[in-house]
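Following: one structure in structure tokens, then a few remarks.
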Amino acid sequence: MIAYPTKALTNPVFYFKVCMIALAAWLLHRTGVAAMRAPEGEQEAEVANTKLLAVASLACWIALITAGRLLAYTRRWEMLGIPSVG
Amino acid sequence: MEIEPWEAFIRSMALHKLIRTYEPWLWPLCETLHYLGLSLLLGTIGLFDLRVLGLARGIPFQIIHRLIPWGIGAYVLNVMTGSVFFLGHPDQYFYNNAFRFKLLFMAVAGLNVVAFYGTSAFRELATLKDGMEAPLRAKIIAGTSLAMWVSVLVCGRLLTFFRPPFFH
């Protein structure tokens with residue numbers, strides 16, 4: 001981002017990736033809180049909630065990795081007339 | 001540069017032509033799967049290695065070892081997607097030192113797996129109680145595994161920087 005700010009900041013997928021990072025961090029925090037509150041085999045509702053958070057986190061990471069790889073295919077900075085380097 | 005017989009053979013394969021025909025979407029798809037695979041491989045096998053090296057001693061080896069089939073699945077996925085890349089543009093990989101080192105590190109990682117499951121190193125671990133320290137032999141194998149997979153990943157990333165010109 002610092003090396004090629006135009007390249008990163010003109011690509012909508014980059015913003016999606018940033019959002020996914022924030023969401024993943026938040027979900028990790030929530031999962032930690034939920035797991036601490038419901039230790040081994042306590043209230044089923046709590047366990048189900050923790051599992052839901054874990055599934056959401058996994059989906060988030062898959063989306064994050066996919067977006068990261070597709071950055072190279074979705075850049076638009078050349079459209080601004082800035083010559084591409086490297 | 002003269003085209004060598006092995007490359008001529010790959011380029012005559014129906015699979016090579018199929019990959020090149022659908023390259024615009026097949027390539028990014030396989031790349032994405034390759035990245036998900038490497039994340040899964042490092043996240044499961046690497047986690048087990050770290051446990052053997054002494055991290056998170058509260059978790060029994062047997063529990064973390066249950067993740068290994070996911071690592072094997074990720075390995076298979078990455079060999080398959082990696083083969084798509086190689087068959088699609090064989091010269092880009094064969095004449096690339098980063099790729100050669102990557103294969104070398106993969107081979108060492110393979111021998112390391114044989115050293116772990118082929119000897120009593122694995123059985124020794126299975127008999128350990130929770131919180132006990134792994135024997136030195138298992139630690140050396142786990143350290144080698146971690147170093148090799150990280151090296152394979154780094155070489156993979158460096159492929160694009162050592163890419164030869166398109167020969168053919």
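Everything quoted here is computed from the prediction, not taken from an experiment. Per chain, numbering begins at 1; letters A, B, ... match sequence-line order.
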Can you find a heavy atom in the side chain of [X] that is under 4.5 Å from one in the side chain of [Y]?
| X | Y | value |
| --- | --- | --- |
| B/Val150 | B/Leu42 | yes |
| A/Ile21 | A/Cys60 | no |
| B/Leu15 | B/Val84 | no |

Under 3.5 Å, what donor-acceptor pairs does chain A form with chain B?
from, atom 1, to, atom 2, distance (Å)
A/Arg69, NH1, B/Tyr35, OH, 3.1
A/Tyr73, OH, B/Glu31, OE1, 2.5

More than 12 foreign heavy atoms under 6.0 Å from CZ of B/Phe101: is that the case here?
-> no
At a heavy-atom separation under 4.5 Å, does A/Ile62 approach chain B through its side chain, its backbone, both, or neither?
-> both
Aromatic ring centroids of B/Phe86 and B/Phe99 under 6.0 Å?
->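 Ring centroids of B/Phe86 and B/Phe99 are less than 6.0 Å from each other.
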Which donor-acceptor pairs under 3.5 Å do the side chains of residues 22-36 of chain A make with protein atoms, sequence neighbours left out?
from, atom 1, to, atom 2, distance (Å)
A/Thr31, OG1, A/Leu27, O, 2.6

